[in-house]
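Here is the naming used below: chain letters follow the sequence lines, and residue numbers restart at 1 for every chain.
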Amino acid sequence: MTIDLILRDKVLEAVENLYQQKMPAETVQVQITRKEFEGDLTVVVFPFLRFSKKSPEQTAEEIGNYLLQNVSEVNAFNVVKGFLNIRISSSYWLSVLNSAHTNPDFGIKKHGGNSPVVMIEYSSPNTNKPLHLGHIRNNLLGYSLCEILKANGNRVVKTNIVNDRGIHICKSMLAWQKWGNGETPQSSGMKGDHLVGKYYVLFDREYKKEIADLIADGMNSDEAEQSAPLIIEARELLRKWENKDPETIGLWKTMNSWVYEGFDVTYKKLGVDFDKIYYESDTYIVGRDEVLRGLDEGIFYQKDDGSVWADLTADGLDHKILLRSDGTSVYMTQDIGTAKKRFNDYTIDKMIYVVGNEQNYHFQVLSILLDKLGFEWGKGLHHFSYGMVELPNGKMKSREGTVVDADDLIGEMVQVARKTSEELGKLEGLPEHEAEETFRTIALGALKYFILKVDPKKNMLFNPEESIDFNGNTGPFILYTYARICSVLRKAAEQGIEFQPLDMNIETTEKEQELIKKIAQFEHVVEEAGIMYSPALIANYVYDIVKEFNQFYHDFSILKEENEQVRNLRLVLAETIAKIIRSGMKLLGIGVVDRM
RNA sequence: GCUCCGGUAGCUCAGUUGGAUAGAGCAACGGCCUUCUAAGCCGUAGGUCAUGGGUUCGAGCCCCGUCCGGAGUACCA
């Protein structure tokens with residue numbers, strides 16, 4: 001039991017004994033004392049006044065005395081207005097440090113055979129274009145969320161649903177047929193997903209020209225969009241696909257395989273992976289059958305034109321289409337099918353969808369529809385909704401080419417990492433492939449931290465003009481601190497300094513206790529991140545503790561400390577911080593380097 | 001129109017279930033490399049927490065109104 005919980009219980013006990021009143025446990029707030037006040041932990045006594053019927057100062061004084069007498073870890077206390085500041089014995093802090101240092105899995109809960117199974121869907125790309133910065137945010141959040149949930153004792157199934165069918169892919173296919181001259185990734189030297197994306201953009205450009213021509217001939221814009229020859233041809237191609245026309249299916253498979261090869265490269269660079277991949281071309285039929293069953297059972301209704309709808313007005317929403325009048329599936333149909341397949345394939349306790357907040361409404365509807373169809377897990381699904389990445393001039397649009405390409409961005413980051421490192425000249429003498437690996441880790445660390453430190457639910461801005469920073473509150477700063485700790489530990493080993501068991505009676509300075517208090521928070525932060533679904537919590541915590549350590553590192557020498565016990569304490573501190581950085585970064589999907 | 005989300009320093013972002021004098025980084029300015037890695041450290045400056053009310057011992061956080069920005073509201077995905 002940690003000290004804040006002990007204090008909470010003892011405060012409850014104190015109020016009971018002193019004022020003969022029982023308070024609910026949540027009335028007690030134990031928080032870390034602000035730096036400018038004397039003490040380690042603070043109890044806010046305002047909420048107790050209605051029980052004590054005394055002034056804040058007097059109440060705090062009485063409870064403080066009770067704690068001093070009844071809790072061995074409490075050394076002293078002082079009262080400022082309604083705040084009871086408590087000084088905890090330094091031997092308690094040392095014991096915290098000691099257990100953090102000796103426990104190899106500090107802060108990480110192990111999962112076992114009966115741990116809950118959480119399935120997390122993330123990434124979910126379309127196969128008509130390469131990944132961009134928006135997808136990067138999705139992938140990084142999804143991957144990190146998996147790591148965080150694992151660290152909280154869950155079994156995690158990482159899944160991906162590939163949107164491999166639909167009009168969008170037909171657009172790329174059509175453009176390639178018309179203007180591709182048989183171009184392939186091999187013949188062009190282009191990465192497969194980029195090649196297919198090129199034709200998607202080309203389609204859009206030609207399509208827009210046709211629309212403009214039609215409008216010039218006097219057609220209104222809606223009509224022009226519907227009747228441009230290219231879109232009619234694309235629809236025809238989709239019909240051919242649905243009818244399993246061999247040539248169309250063949251081209252579809254070929255172009256998709258190019259895209260998958262491309263995605264694999266990008267996923268690998270990002271360091272994300274999946275346990276199970278679903279394809280909409282497999283699941284949309286399952287969904288259609290479910291919708292038809294719902295129609296049979298009177299859950300949905302059919303219009304005269306044959307389209308199938310759900311009436312959600314009773315749930316405060318509107319009517320939602322589930323099957324088009326020609327019987328083909330829409331997005332929602334596919335998601336119903338995918339969900340059903342997943343719950344058939346796995347025993348799932350919780351399903352999480354990592355999807356942008358533009359689809360909040362979609363998931364609200366999906367949840368209700370699954371529930372109506374009789375799936376008990378429908379209501380419990382969780383939409384991990386994250387904000388968009390915006391550019392200075394607004395949203396990214398693939399069709400118009402105003403995107404920050406994932407591969408380009410990663411490449412640029414590696415360039416900057418290499419250039420910076422070479423200027424500083426710190427990796428001289430390291431074999432080239434090892435240096436390259438280090439540059440890559442630093443670059444990805446910068447990118448990942450940049451994305452993950454932001455509250456997931458908020459929109460964030462990326463300015464391509466100013467490349468992602470490597471100084472300050474950044475991934476490289478954290479990695480740099482880690483590398484320096486590693487360096488100290490290496491030198492300690494070279495000098496034959498060995499770790500000894502912590503002397504529990506040693507005096508600790510304020511600064512050392514500050515660090516230990518922060519170390520003690522790690523478990524709590526991991527737990528909180530799991531509850532709030534927030535990698536940002538981890539990121540900001542790690543930054544905070546690293547900054548604190550850096551100041552410490554600057555003010556106190558470790559290896560040159562003469563007193564052996566003190567030196568040992570500081571080495572233990574350094575090693576424990578290194579462990580937290582390693583664990584924290586792992587939860588964010590960021591690798592560490594031992595020199596940079 | 002309706003629904004949902006956001007607005008904190010010049011810029012990008014933190015800010016624990018409401019707690020003490022709202023914090024970082026970047027950019028600016030001034031210091032610190034003969035000392036465990038200067039991708040670092042210290043200092044200066046920078047705020048009407050969009051805005052007006054309300055709730056209470058206490059509001060950046062909760063409630064209502066207003067303004068600004070974004071998203072959704074498709075037989076697109």
Please report the distance, rounded to the nearest Å, between [atom1] in [X] and [atom2] in [N].
X: A:Glu26; N: B:rG19; atom1: CD; atom2: P; answer: 16 Å
X: A:Phe556; N: B:rU35; atom1: CZ; atom2: C1'; answer: 16 Å
X: A:Leu323; N: B:rC76; atom1: CG; atom2: P; answer: 13 Å
X: A:Phe470; N: B:rC26; atom1: CZ; atom2: P; answer: 14 Å

Taking the six-membered ring for Trp, is the centroid-to-centroid distance between [X] and [Y] below 6.0 Å?
X: A:Tyr301; Y: A:His319; value: yes
X: A:His382; Y: A:Phe363; value: no
X: A:Tyr331; Y: A:His362; value: yes
X: A:Tyr353; Y: A:Phe384; value: no

Determine the Euclidean distance between corresponding [atom1] atoms of [M] and [N]; express it in Å to zero decimal places.
N: B:rC49; M: B:rC11; atom1: P; value: 16 Å
N: B:rA50; M: B:rG60; atom1: P; value: 10 Å
N: B:rG46; M: B:rU37; atom1: P; value: 37 Å
N: B:rU51; M: B:rG6; atom1: C1'; value: 15 Å
N: B:rA77; M: B:rG40; atom1: P; value: 48 Å
N: B:rC64; M: B:rC4; atom1: P; value: 10 Å
N: B:rG58; M: B:rG19; atom1: P; value: 14 Å
N: B:rU44; M: B:rG70; atom1: C1'; value: 37 Å

What contact category does [X] fall into here, base, sugar-phosphate, or nothing, at under 4.0 angstrom with non-hydrogen atoms?
X: A:Val44; result: base
X: A:Phe477; result: sugar-phosphate
X: A:Glu358; result: sugar-phosphate
X: A:Thr328; result: nothing
X: A:Asp544; result: nothing
X: A:Ser385; result: nothing
X: A:Ala536; result: nothing
X: A:Pro47; result: base
X: A:Ile167; result: sugar-phosphate
X: A:Asp318; result: sugar-phosphate
X: A:Asn85; result: base

Report, as yes or no, whether the 6.0 Å neighbourhood of atom [atom1] on [X] holds more than 12 heavy atoms from other residues, nucleotides or ligands.
X: A:Lys457; atom1: NZ; result: no
X: A:Glu36; atom1: CD; result: yes
X: A:Asn393; atom1: CG; result: yes

So, does [X] get its side chain near the phosphate of [N], meaning an N or O under 4.0 Å from OP1 or OP2?
X: A:Arg324; N: B:rA77; answer: yes
X: A:Arg34; N: B:rG23; answer: yes
X: A:Lys491; N: B:rU37; answer: yes
X: A:Asn473; N: B:rC13; answer: no
X: A:Gln551; N: B:rC42; answer: yes
X: A:Ser487; N: B:rU37; answer: yes
X: A:Arg484; N: B:rA38; answer: yes

According to the 5.5 Å centroid and 30° plane-angle thresholds, does A:Phe46 stack upon the nucleobase of B:rG19?
yes
Report yes if the ring of A:Tyr480 lies under 5.5 Å from the six-membered base ring of B:rG40 with planes under 30°, and no otherwise.
no
Check whether A:Tyr284 forms a cation-pi arrangement with A:Arg165 (NZ or CZ under 6.0 Å from the six-membered ring centre, at most 45° off the ring normal).
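Cation-pi check for A:Arg165 and A:Tyr284: passes.
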Any donor-acceptor pair under 3.5 Å linking the side-chain atoms of A:Arg235 with those of A:Gln226?
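Side chains of A:Gln226 and A:Arg235: pair found under 3.5 Å.
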Between A:Asn550 and A:Thr481, do the side chains contain a donor N or O and an acceptor N or O under 3.5 Å apart?
yes
Quick check on RNA chain B: between A:Lys547 and A:Trp309, whose nearest nucleotide comes earlier from the 5' end?
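Final value for this comparison: A:Lys547.
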Between protein and nucleic acid, restricted to nucleotides 2-12 of chain B and to nitrogen or oxygen atoms under 3.5 Å apart, what atom pairs and distances do you find?
unit_1 : atom_1 : unit_2   : atom_2 : d
B:rG7  : OP1    : A:Lys458 : NZ     : 3.3

Involving RNA chain B, stems made of at least three consecutive Watson-Crick or G-U pairs, both distances under 3.5 Å
B:1-7 with B:67-73, B:10-13 with B:23-26, B:28-32 with B:40-44, B:50-54 with B:62-66
Can you identify which nucleotide, out of B:rG19, B:rC36, B:rG15, has its nearest atom closest to the A:Leu537 side chain?
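So the side chain of A:Leu537 is nearest to B:rG15.
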Can you spot which of A:Glu562, A:Glu564, A:Glu575, A:Glu561 makes a salt bridge (Lys or Arg N to Asp or Glu O under 4.0 Å) with A:Arg570?
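With A:Arg570 as partner, salt bridge (Lys or Arg N to Asp or Glu O under 4.0 Å) holds for just one option, A:Glu561.
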For a side-chain contact (heavy atoms from CB on, under 4.5 Å) with A:Pro125, tell me which candidate from A:Leu131, A:Ile161, A:Asn163 qualifies.
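Option passing the side-chain contact (heavy atoms from CB on, under 4.5 Å) with A:Pro125: A:Leu131.
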